[in-house]
Amino acid sequence: MKLSNSYFFTIRENIKDEDSVSGNLLTRGGFVRKNSAGVYMFLPLGLKVLNNIQNIVRDEMNKAGAQEVLMPALIPEETYVASGRRAGFGSSMFSLKDRNGKPFVLGPTHEELFAIAGAQGIHSYKDLPFNLYQLQTKFRDEPRPRFGLLRVREFIMHDAYSFDKDLEGLDVSYKKMYDAYVNCMKRFELDYVIVTADTGVMGGLLSQEFQALSETGEDTIVTCDSCDLSTNLEVAECPDHYEDDLSEYLPMEKVATPNAKTIEEVAAFFGKKPTDFVKTLIYKVDGKPVACLVRGNRDVNETKLRKYFGANEVELADAAMVEETTHARVGFAGPVGLSIPVMADYEVTHMRNFIVGANENDMHLKNVNLKDFRIDHVMDLRLIQDEDRCPVCGGKIVFRKGIEVANPFKLGDKYSKAMNLYYSDANNEKKPVIMGSYGLGIGRTMAAIVEQKHDDWGILWPISVAPYKVAIVPLDTKNEEMMNAANELYDRLNASGIDTLMDDRDERPGVKFKDMDLIGIPMRVTFGKAFKDGKVEFKLRTDAKAELIDANEAEEKIRNILSDYFAKQR
RNA sequence: CAGGGUGUGGCGAAGCUUGGUAUCGCGCACGGUUCGGGACCGUGAGACCAUGGGUUCGAAUCCCAUCACUCUGACCA
């Protein structure tokens, strides 16, 4: 591409409406532009990167033996009702009606449609296994889009679906996709970890996330410095490793605690620490109240709670529900005398003589013990914390932030049963097909790469995904000889399949350099002062200084760098 | 959903408290001087001040409503 006659622009100033490094640099470089909250235009440069990422995924999928298809985004709502996920997705699904009033949705993910597609081709065990994938636009009405391309409402996702006759087959299919994703990460040059995660609205047997490490990430990752523990915060275990408190039982006592309702306020009142309390949180689990008990310095892990109940939605109860269930204002809930289900964290069962709310305004109970109230279920209910030890080996745990770029699932038979996807085995018995599903966010990957690879001047694209591999920058556009030589190199590189950009604009050198740095082209060939001696400058975007080389050696040098690079990517 | 902020030429902002018909920087056009890390001087074009209503002789400015964008929290008792 020649810049002088193309849709190319950069923005010098910061973008007000972009809250992340990647969103800012991608907008300033003219890759993307926000059109509405969480919905982006992809401009020429941005589309080139997006296509490069998609082609890497496509290549890895094809190598893994998957076949590409394209499913509709516009889907009858009843499809998701059949699997039970219409309710699961709730308001995060975009929905609309056709002219006859028939409800449709815009697909947020496609397990159902692929199960339907599978059913059309699967009759016998001889039809299995196989694997389908697509690169397609998904729609999710996120409550709060943010961080540029990282959390959006319309995005291109790669999703793949495997079909097997049994769990052993699924293991093989899963491994292939897992390996394909590992290869993709390598080719994207992402610094990442793989963590076990919650299966969430997908359901199924196993979920792993490929998390690109970045402070901008919205996910918290828990790893251990002495074993290979690697898990998402929301599923990190807090096993029953607590020591019993053996102090003598004291008699329960009701104490007036006016104007004190937070743990800190009440602790100050009693002259005690938060660890001497049992916190009672009223949750709304699919609309029904549930009390959760954790030690005063702990937090409830809502994912664990949701999993235990198999619920779609878990949130803290509103004030009205708290008052109805505890007969007191918010701030005085306690387990004694509650008539709703009571869940307790393991740790609570090892405590003695603790303080709880009295279910009465401005009152707390002290010296409460397990005999004083009913617990319906004891479980691992809390969020892991800094001071906790590794649940596997007891080592020191480390918290990091990550961007979830890919997520393979072992689904099992959940969707097969819901969507009537069965096959006949060798004994002519009807069995559900065993499915896996695999997703990788294309735009999110693009943003994650920028989050990891940038400097003060702009983006540092890896060669594999860079919109152009080489930028040719002639500094004197009036010098005919120089322009001829630059054009010749430009033509030769492009003719041999090396995507090359030429900055033939009549701009000052500084402008051209700044722009090329901002958009992050990996290699730059500058035709400048030394051209009269037959020399050009060659510079890698990641290097501070340029080197002077013979003009007629530039092409070979670029070829060598690229062939070395791609050899290492294999 | 709850609470806060913002909306002014293409972009970024000032003006609003204390009403009097819009200012600055970037960008753009033209002329000139420049020309190796976002040049300088001069001239110029470009705005129904988010939308709708109200108060007023007069509204970007005050009042009401709506919409959009954005931040914080996703209510930790």
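Below, each value reflects all heavy atoms present in this structure, side chains not excepted, and no hydrogens, waters or symmetry copies. No experiment lies behind these values; they were computed from the predicted model shown.
- B:G25 and B:G46 have their C1' atoms separated by 16 Å, with the value rounded to a whole Å.
- Here, B:G9 and B:A22 have their P atoms 15 Å apart, quoted to the whole Å.
- The ring pair (Phe, Tyr, Trp, His ring centres under 6.0 Å) analysis of residues 499-528 of chain A, with sequence neighbours excluded, yields the pairs A:Phe527-A:Phe531.
- A:Arg382 comes within contact range of no nucleotide atom at all, as no heavy-atom separation falls under 4.0 Å.
- Taking atom C1' in both B:A59 and B:G20, one finds a spacing of 10 Å when rounded to whole Å.
- Rounded to whole Å, the separation between the P atoms of B:G10 and B:U17 comes to 26 Å.
- At a threshold of 4.0 angstrom between heavy atoms, the contacts of A:Arg524 include nucleobase atoms, whether or not backbone atoms are also involved.
- Once rounded to the nearest 0.5 Å, the distance linking CG of A:Asn552 with NZ of A:Lys535 reads 9.5 Å.
- Between B:C11 and B:U33, the distance separating the two C1' atoms is 28 Å to the nearest Å.
- Looking at heavy-atom distances under 4.0 Å, A:Asp476 makes no contact with the nucleic acid at all.
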query: So what is the 5' to 3' dot-bracket string for RNA chain B, if pairs are Watson-Crick or G-U wobble with both distances under 3.5 Å, crossing pairs use [ ] and | means the partner sits on another strand?
result: ((((((((.[[[[.)....(..]]]].((((((.....)))))).....[[[[[..)....]]]]])))))))....

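- Within the structure, a side-chain polar atom (N or O) of A:Arg146 is placed less than 4.0 Å from OP1 or OP2 of B:U72.
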I'd like a list of close polar pairs between nucleotides 26-28 of chain B and the protein, N/O only, cut-off under 3.5 Å.
unit_1, atom_1, unit_2, atom_2, d
B:G27, OP1, A:Arg12, NH1, 3.3

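- Comparing the C1' positions of B:A47 and B:C28 gives a spacing of 15 Å, expressed to the nearest Å.
- The heavy-atom pair separating A:Tyr7 from A:Pro44 by the smallest distance is CD2-CD, 3.5 Å.
- Side-chain atoms of A:Ser36 lie closest to B:C69 of the nucleotides B:C69, B:G38, B:C11.
- Comparing atom distances between the A:Lys34 side chain and each of B:C69, B:A74, B:G37 picks out B:C69 as nearest.
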